[in-house]
Amino acid sequence: MDMTAEIKPQNKGSKQLFQNPVLEKLSRTHISVPLTIFFVYSSGLLYWSITNTALSLGTTVAMFFVGLLAFTWVEYMVHRYIFHISTHTEARAKFQYTAHGVHHEFPKDKSRLAMPPVLSITISTLLLLLLRLVLGDLVFSFLPGFLTGYAAYLSVHYMVHAFQPPKNFFKVLWVNHGIHHYKNGEGVYGVSSPLWDYVYGTMSK
Ligand SMILES: [Zn+2]
Ligand SMILES: [Zn+2]
């Protein structure tokens, strides 16, 4: 059980997370920054995959989709087990609030809807180096798929909090994330898709 259950979501406002002004500034990101970075990063890797590896176009496309699907699983796991980590110690509570609780308290603060780019670029580059050891050249198409999944997640999450729900099939994404924020913080963890909530039985009835 994490402490988000006790947080009352505020319709307006924001919160200072760090005393240090540099850290505070880094904790706020305009959504266009990570989207641009990951578009360029993924395009670069795909270009490398096509021009510098012996992989066929079919393999490249297939690995891209494997990466995309892998991201949806990581999104679910990170949200469920890291962002909603149980907060029985003060250090955990502080980490949980900084990483995610603040978003539950101020869900409409648009400057805190994406991880700081410095952090996401570092993680992506570590992933590139680590996955290279496991996947070899496949990493150059797997990672673009994975990062595209991340960009899709960011876009969906941003739209869900910034805009009114559309009157079509995508409305379900607004409804699901609304349940997670306002009704049941211990379920409906998927943002970009409800797939893993169905798999792991955390979809609200
Ligand atoms: Zn959450
Ligand atoms: Zn949210």
Side-chain angles (χ1 to χ4, degrees), residues 1-17 24 26-35 38 68 70-117 119-120 123 146-166 168-205:
M1 172 90 168
D2 66 86
M3 66 183 186
T4 43
E6 288 137 48
I7 289 176
K8 209 175 159 293
Q10 307 292 314
N11 233 329
K12 267 196 186 115
S14 186
K15 179 128 179 190
Q16 185 177 348
L17 283 177
E24 176 64 13
L26 283 176
S27 80
R28 295 176 186 279
T29 309
H30 191 280
I31 193 75
S32 62
V33 178
L35 290 183
F38 289 114
L68 197 70
F71 177 81
T72 64
W73 183 79
V74 170
E75 174 202 318
Y76 177 90
M77 287 295 163
V78 169
H79 189 190
R80 181 170 177 183
Y81 294 108
I82 298 181
F83 287 174
H84 287 277
I85 190 174
S86 78
T87 50
H88 53 271
T89 66
E90 208 177 308
R92 277 168 170 247
K94 196 164 192 308
F95 163 80
Q96 198 276 337
Y97 186 81
T98 308
H100 193 59
V102 66
H103 170 58
H104 274 268
E105 189 169 8
F106 300 99
K108 295 197 169 141
D109 180 357
K110 292 197 199 71
S111 72
R112 291 244 174 79
L113 291 176
M115 207 196 298
L119 210 59
S120 44
I123 294 173
F146 191 87
L147 295 178
T148 301
Y150 179 61
Y153 153 77
L154 283 181
S155 310
V156 169
H157 194 216
Y158 184 89
M159 288 190 282
V160 164
H161 285 293
F163 305 131
Q164 290 301 313
N168 56 35
F169 161 80
F170 289 106
K171 187 179 171 193
V172 67
L173 299 172
W174 269 252
V175 173
N176 287 346
H177 200 54
I179 295 172
H180 175 72
H181 271 281
Y182 301 102
K183 284 208 176 107
N184 174 17
E186 292 182 332
V188 203
Y189 296 103
V191 176
S192 62
S193 96
L195 173 67
W196 301 103
D197 284 297
Y198 285 116
V199 172
Y200 293 111
T202 48
M203 186 44 96
S204 240
K205 274 148 218 108

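Ligands are counted one by one from 1 in listed order, and the atoms in each one are counted from 1 as well. Side chains included, hydrogens not; waters and symmetry mates left out as well; all remaining heavy atoms used.
- The aromatic rings of His180 and His177 lie parallel to each other, with less than 30° between the two planes, well short of the 60° mark.
- Ring orientation note: the planes of Tyr150 and Phe71 are nearly perpendicular, at an angle over 60° on the 30°/60° scale.
- Of all protein N, O or S atoms, those under 2.8 Å from the Zn ion (ligand 1) number 5.
- Scanning for side chain to side chain contact (heavy atoms under 4.5 Å, CB included) contacts around Tyr200 gives Trp73, Tyr76, Met77, Arg80, Trp196, with sequence neighbours left out.
- For an aromatic pair to be called close, the ring centres must be under 6.0 Å apart, and Tyr189 with His84 satisfies this.
- The N, O or S atom of His161 lying closest to the Zn ion (ligand 2) is NE2.
- Ile31 pairs by the side chain to side chain contact (heavy atoms under 4.5 Å, CB included) definition with Leu35, Ala114, Leu154, Tyr158, not counting sequence neighbours.
- The backbone N or O of Ser86 sits nowhere less than 3.5 Å from a side-chain atom of Gln96 that would complete a donor-acceptor pair.
- Residue pairs meeting the salt bridge (charged side-chain N to carboxylate O under 4.0 Å, His left out) criterion with at least one member in residues 83-106, sequence neighbours excluded, are Lys15-Glu105.
- In terms of distance to the Zn ion (ligand 2), the nearest N, O or S atom of His157 is named NE2.
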